[in-house]
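Report on one structure; see the data block that follows.
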Number of protein chains: 2
Amino acid sequence: MSTHRASISDLAAQLNLSVSTVSRALSDHSRISDATKKRVWELARQLNYQPNQLAAALRKGRSNTLGVVVPHIDGQFFALVVKGIETIANQAGFNVMICQSNEDAAQEQKNVETLLNAQVDGILLSLSLSTHDFGYLEAIRRRDIPVVFFDRVVESKDVSAVVLNDYQGGYEAVCHLIEQGCRQIAHLGGPQHLNICRNRYQGYADALRHNGLPIDPSLVNFSDLRIQDGRQGMETLLNQAPQLDAVFSCNDLALVGAMQIIKRRGLRIPQDVALAGFSNELFDSLTEPMLTSVDQRCEEMGRTAVQMLLELINEGPTKVAPRQVVLQPNLLIRESSLRTDLLQETKA
Amino acid sequence: MSTHRASISDLAAQLNLSVSTVSRALSDHSRISDATKKRVWELARQLNYQPNQLAAALRKGRSNTLGVVVPHIDGQFFALVVKGIETIANQAGFNVMICQSNEDAAQEQKNVETLLNAQVDGILLSLSLSTHDFGYLEAIRRRDIPVVFFDRVVESKDVSAVVLNDYQGGYEAVCHLIEQGCRQIAHLGGPQHLNICRNRYQGYADALRHNGLPIDPSLVNFSDLRIQDGRQGMETLLNQAPQLDAVFSCNDLALVGAMQIIKRRGLRIPQDVALAGFSNELFDSLTEPMLTSVDQRCEEMGRTAVQMLLELINEGPTKVAPRQVVLQPNLLIRESSLRTDLLQETKA
DNA sequence: ATGAAAGCGCTAACAT
DNA sequence: ATGTTAGCGCTTTCAT
């Protein structure tokens, strides 16, 4: 017995049928007799027939494969988004090819080309931090391959995209701190050329304003939000505004740094200083106290993005108008901000 | 101008050449004149010709795609392994398709079938926790598709695999604790039916033995190693062996739980109790004190596994004998175990 | 140095 | 209900 893989024509030959009949039988075509179908299926099982998807893809002009480009796959956020993408894509019978741009615009462009050459049916794309020139995206449009952006998106009404409402996340977190009785709320902000950081800051500012609180520049510190930036930022804030009673951070890493400084100074969390961050990182439940944070609904973002993409693929990119979906964030209240007894720990 | 994608025959028609000549020119065949090559390349550039890899793959019987099956993609470990895999695979001109089994044996089998149907040239596989029946792997062998296992492997000399030396990791961590002056070293162990947990425990036991220390059952606690297991395990250990002066944990999550209990009891780390864990999780540098841990060389594992797979693909699976690569772990010493002044913080 | 022709395995008109 | 035929875009023998 050879190691030869059974093909449709093998089945056809053994059954004295034409390849087309076998092909139809395999796909349960309505005008093939039940008897024939049974014979075909039985032999296919026996010979362990597996369709050659490459050939089918070539013929049909459709690979049943989706391409994904993310800045990186390590780190909680994109890993979860990808998980969401895979779940839905597989359910719909699509394979997924994942590429990492490593935050590099050139690599991102190469990734896209790779995916196009692999004849993917659609692309899910989250831009690298260094991508400023979007010209190369023309290549995708020229090929009529649908694209859906997620999280890091081209800000345009002409593209399909799904993003989180970062503004709302900041707004809710700060409102929560105010509800807990905080009145001097500081902010650790990120690079303001990034829309997510800008929006979170805007949410912070508006929450203060709507509650009749002033925006005090000495309560705001911008940085790159690494852990050491959080430490340094907190030192600065405590020096120039020792009366502060809460911190809202644009990410959780900087918040951990801030927390270290606060503890070191002998201040109590949340009684003296309440803390809230952004991203609901895994470690938020490992610190003491556990950190309140805005959840970004990563998996949902992934699921939504694929659903939009599948729609574009099935309807044809010209028929469906581009739209922008905005997901609502989910504030997870933990010990670091809860001054009352009720501890609301939702999900993870 | 149509949205039609240029194909080889388009180029051939426009240049009054045959498709075969154009095909050869594009692949820089030696017996095509430089003049012709230049004409072909020029027009290809103009028309933005992109080869249809599907067609080439069908013809060549080679898809230039590798399949990867991991238990899950979130979580530091596999994300980093995948990163390593992608790096090398892309360098070698291979695409990568990633599937998640979600620790489910049935899903894992489906993933493998999906990859085989997608005509991948090789498969990288890390087994799910629930995989006990390896019969389905026969399907891969029947197709002569090379496979390399990593981390969670089939323990057999007949398969190619790359794993970490978990025994050595446990051994080194415990030797380090002994060097720091600890003599009553406790162990938080994982499920002993998992070879990684068993090996780490063996490393612990042998390190004690080789240093003339007794193995005291009241210093050992087995669990599933979630954070709450770590807390509970530590309570138990401290109750039944209050004299303990160090803990080696089979993973870092349980160690965090243990740390919380130790702090709560007012014991100092590392002066009263020194701590060492396993996996070098991201949060190890966020806790106070920072946690000593055994790094698993995730990216290197990924890189090594692809290299082995590419070798199998290029040489043919029958020509290269299966081999098992064992990577040496890397102990990262941080504050939680360092009783002297020298703080050795290597890499991240 | 170039061309003609076959074929990878499949699907889908277009017959009958 | 089944068969015939063409072709997806490419590579590769075999000619010349």
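Order of the sequence lines fixes the chain letters, A, B, ..., with proteins taken first and strands second; residue numbering starts at 1 for each chain.
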>> Any base atoms under 4.0 Å from D10(B), or only sugar-phosphate, or nothing? Heavy atoms, all strands.
In response: nothing

> Of all residues at least two apart in sequence or in a different chain, which pass the salt bridge (charged side-chain N to carboxylate O under 4.0 Å, His left out) check with E103(A)?
Replying inline: R152(A)

> Yes or no on side-chain contact (heavy atoms from CB on, under 4.5 Å) for L66(A) and M97(A), after CA distance, side-chain angles and deciding distance?
Replying inline: CA-CA 6 Å; L66(A) 304 181; M97(A) 268 167 78; over 6 Å; no

> Does K37(B) or K60(B) map to a spot on DNA chain C nearer the 5' end, using the closest nucleotide for each?
Replying inline: K37(B)

> Which part of the nucleic acid, if any, lies within reach of S23(B) when heavy atoms closer than 4.0 Å are counted: base, sugar-phosphate only, or nothing?
Replying inline: base

> With sequence neighbours excluded, what pairs up with A305(A) under the side chain to side chain contact (heavy atoms under 4.5 Å, CB included) test?
Replying inline: L124(A), V148(A), F150(A), V162(A)

>> Regarding T36(A), tell me which of base, sugar-phosphate or nothing describes its non-hydrogen contacts under 4.0 Å with the strands shown.
In response: sugar-phosphate

>> Could you check whether N117(B) and Q50(A), counting side-chain N and O atoms only, form a donor-acceptor pair closer than 3.5 Å?
In response: yes

>> Reading DNA chain D in the 5' to 3' direction, which nucleotide is the first one with an atom under 4.0 Å from a heavy atom of chain B, and which is the last?
In response: dG9(D) to dC14(D)

>> Near DNA chain D, counting only heavy atoms under 4.0 Å, which residues of residues 48-55 of chain B show up?
In response: Y49(B), P51(B), N52(B), A55(B)

Name the pairs: protein N/O against N/O of nucleotides 13-16 of chain C, kept only if under 3.5 Å.
| unit_1 | atom_1 | unit_2 | atom_2 | d |
| --- | --- | --- | --- | --- |
| dA13(C) | N6 | R24(A) | NH2 | 2.7 |

> Hey, is K110(A) close enough to E113(A) for a salt bridge, meaning N to O under 4.0 Å?
Replying inline: no

> What residues, two or more places apart in sequence or in another chain, satisfy ring pair (Phe, Tyr, Trp, His ring centres under 6.0 Å) together with H72(B)?
Replying inline: F78(B)

